[in-house]
Each structure stands twice: as structure tokens, then as C-alpha cells.
2 protein chains.
Amino acid sequence: MIALPDRDPRPPAGQPRRADARRNRERLVEQAKVVFAESGADASLDEIARRAGVASGTLYRHFPTRLDLVEAVLAGQVSGLVRLGRELLTDEDEVEALITWLRAALRHGLTYRGLSAAVLNSALDRDDDPVSAWHAEVFEVGTALLARARRSGAVVADAVAADVLKMVGAIAWAAQDDPAQADRLLTLLVNGLRHP
Amino acid sequence: MIALPDRDPRPPAGQPRRADARRNRERLVEQAKVVFAESGADASLDEIARRAGVASGTLYRHFPTRLDLVEAVLAGQVSGLVRLGRELLTDEDEVEALITWLRAALRHGLTYRGLSAAVLNSALDRDDDPVSAWHAEVFEVGTALLARARRSGAVVADAVAADVLKMVGAIAWAAQDDPAQADRLLTLLVNGLRHP
DNA sequence: CGCTAAAATGAGGCACAGTCCGGTTGGTGG
DNA sequence: CCACCAACCGGACTGTGCCTCATTTTAGCG
């Protein structure tokens, strides 16, 4: 019998053991932001690796799938969105709170050329599959805000959070390079939510 | 000076001169429908050529760009949509006519796994670029139906056809494999269109 | 310092887009 | 019926991107 090292073999996610690994990871995310902003959600991963001064194998070691990289890119933004949502839950005007949050979600969806819209949508589909932790949080906050607005009576009763979020994602995708139009479309959505 | 043949060198679009060419073109469109339905808008063109029993060069001869092939695939459907729209223009209930047509447009957007939704959206963007003739027709019919519904007073005044169509495309894209959700989202849109 | 596990490298296999040229063929005029 | 040629086709080829894996490098511990 050979004794295995009993130290936990798993490094915490997003925080590799060795210094060089941490460095490379950072550079990758950094360049990914640039390239995604330039070329949208289906930018070349090899290109990102190239710009980060790293071989492609290294990129795949840190981010096995494209989605993993995207998550890393969006992480900060998303947690901000969740935080805002929680704050808005204590806002006086329930409907206004919902609208404000939806607007923020739309802005978020528009970043990186509709990148996050694509992710949001694909994430909303397979809800069993643990695609990501933060998507569940977004969903939860959205549900809470919507429920509150509904209770106030100014929002139609049969609106479901999944639908509303999907719609925001759809708007972000469709109007990804026309923010003014995105705004108008969101207004249309909000109108549809109000009680007749 | 050498006399050039004075016959018009351009065959009518979609109707090549030679019998084998016509045959191949048909088989390509036929198989394209199958493959697009299976794999969505970014299916492999090589695969389509393979299934049609034709070399890839032949595919590109008939359809220089992916969009050209897509147009050929959708042509019939789209003209049906336009025809329906024109008929609905004489319908008594202006709002109901609009809704019916939007529903048909959504159904159309859902075919071939959101293929046409993707096309519709990219087409709606560059309106100067002569992407396709039929897209202009769809837009025209949509505009007419919307204007009529607006005149009846039951639809908000500031709704623009470009926005509404974009929204339908967005819904089709987002809910491409959940027709029930697509329906609910369309209802949300229609709600937003109604006068408060 | 050495040693080892962690990490990085980069060539290579595979799939797809799109181009191009040499060979083939449909159909027309004689 | 046949010869001819423009129209057409095949398929090899280039380029790009995704992703894997055997090999080499290196950080950091003892």
C-alpha cells in the first residue's frame, strides 16, 4: 500500500496553486475581454491564447470549455447585477424597482457584443445542468423582484420570471449593436408586463 | 474585333441553363432543408453538399454565400407569409389581423431551428444592403398591418414596425426549441402593443 | 539544491469555409 | 448524327479554428 498525499488535491476554482498559472489565468481573462468585445461570443479561442502570449493548450487547461472562459469574463459583472437586485428588493416602488433591474440586466446583456445574452439564454434552458452558480442567483433575484411587483397589483399575474429574463436576453441579442433600439424594445416588454 | 455572343449571358436567378445544373440545385436546396432542420442555422455546408451527392465546389457555384442558400430554402415560406399579410389587410378586426400575422411570422421564425430568425434579424440590420428582395416585402406588409392597427386606436402610437419585427425575430431565436414559451413571449409582446 | 507534481508547450488530428483549375458534359448549330 | 464549346462539375488545396496529448519546463517544497 502506498500512502497518497492527504492534502486536498483540488485547488479552489479560479485560483491555481502556482504563481505562473495564476498569472496566465489572469492574462487570459484579460485578453478574452478584449477579444470578446471585438468579435462577439464566438471569437477565436486560439486568438485569445495568442494575445495572452500563451499556447492554446494552456488556455484549455484553465478553461476546458468556452463557457468556462465566458463565465470568468462575466463573473464580476454578474455578481454586481445580483447585488443591485437584492438592494432593489427594499425599494419603495415595487414596479419601478423591477424596471430598474431589468434595465440593468439589459445593459449587462449588451456587453461584449451580446456575449452574455447568448450565455444567459443557453443557461436558462438547461436549468438542471449546473452550468453555473451565478445564473441561478440571477434567476432567484429576478423571481423575487417580479413576485413583489406582482403582489403590488400593477403587474400582470401570469408573468413568469423565466419568460421575462428570456425576453431580456432575446432583446439584448437582437439589438446587440443598437442600444437605442434595445431600450425601445425593453419599454415594449415593460408595457406588456403592466396590468391592463 | 471579335463578335461576342449577344445572347443575354445571365440566366434567371434560381433557374440555371443546363438540366444537370437545375437538378443539382434542387437536390442542394432539398438536402439543405433537412440539414438546417437538424442542425440549425450554422450547419455544415460541406455536409449539405455531401448529402446532395455533389462536390463542395458545386454548392458554392450555385450559392456563393450561406445566405444565398438560406434564402432559397426559405423562399416559399416567406412568400406565403407575405401573401397572408396582404389578405389580412382586408380583415375587419385590425388588431386581430395584426396578431394573427405576428403569430404566423413567429411560426415562420421557428422553422429550421431558428434559422429564419437569425436571417430576419441580420437582414433587418443592413436595410440599405440589398440582402434580399423578400425581406423588404415582409417589412412592408408588417408596416401596413401595424399602421392599420394603430389607426384603429387600440395599439400604442409609438410602436414601429422595425421594432416589432425585430422582437418577433428575437423571440423566435430565444425560444427556438420551446414553442410554448415562444407563444407566451409573443403574448407578452402583444400586450405591450395594446393601448394602456 | 535536488526532486516532483503542476503547469506549459506546440505539433498534430479533425472539421469546415471557400477558391481554383483541369476535366466532363449538355445541348446547339451544322 | 456529330463536333464543338460554354457551362458545369469534381476534388484537391489553403487557411482557420477547435481541441488533445506526449513531451518538456518550472515553481516551490523540504
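Protein chains get the first letters and strands the later ones, always in sequence-line order, with residue 1 at the start of each. Computed from a predicted structure; not experimentally measured.
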Kindly state which residues belonging to residues 34-46 of chain A come within less than 4.0 angstrom of DNA chain D, counting heavy atoms of the residue only, listed by number.
Ala43(A), Ser44(A), Leu45(A), Asp46(A)
What is the distance, rounded to the nearest whole Å, between atom [atom1] of [X] and atom [atom2] of [N]?
X	N	atom1	atom2	answer
Arg66(B)	dA17(C)	CZ	C1'	9 Å
Arg50(A)	dA11(C)	CZ	P	13 Å
Glu47(B)	dC14(C)	CD	P	17 Å
Leu28(A)	dA7(C)	CG	P	14 Å
Arg23(A)	dA8(C)	CZ	P	9 Å
Asp20(B)	dG27(C)	CG	P	7 Å
Arg17(A)	dA8(C)	CZ	P	14 Å
Arg18(B)	dA6(D)	CZ	P	12 Å

Is there side-chain contact between [X] and [Y], with heavy atoms separated by less than 4.5 Å?
X	Y	answer
Asn191(A)	Asn191(B)	no
Val70(B)	Phe36(B)	yes
Leu102(A)	Leu193(A)	yes

Note: Glu47(B)-Arg50(B) ion pair, threshold 4.0 Å (strictly below):
yes
Qualifying residue for salt bridge (Lys or Arg N to Asp or Glu O under 4.0 Å) with Asp20(B), from Arg17(B), Arg18(B), Arg22(B), Arg23(B):
Arg18(B)
Given dA17(C), dA11(C), dA7(C), which nucleotide is nearest the side-chain atoms of Ser56(A)?
dA11(C)
Sequence neighbours excluded, the answer for side chain to side chain donor-acceptor pair (under 3.5 Å) partners of Glu137(B) is Arg86(B)
Between dA7(C) and Thr58(A), is there an OP1 or OP2 to side-chain N/O distance shorter than 4.0 Å?
no
Respond yes when some side-chain nitrogen or oxygen of Asn24(B) is under 4.0 Å from OP1 or OP2 of dC8(D), and no when none is.
no
Start with the C-alpha gap between Ser44(A) and Val35(A), add the side-chain angles, then the distance that decides, and say whether side chain to side chain contact (heavy atoms under 4.5 Å, CB included) holds.
CA-CA 8 Å; Ser44(A) 158; Val35(A) 176; over 6 Å; no
Under 4.0 Å, counting only non-hydrogen atoms across every strand here, what does Arg61(B) touch: a base, just sugar-phosphate, or nothing?
base
If you find the nucleotide of DNA chain C closest to His62(A) and the one closest to Ala19(B), which residue's nucleotide is nearer the 5' end?
His62(A)
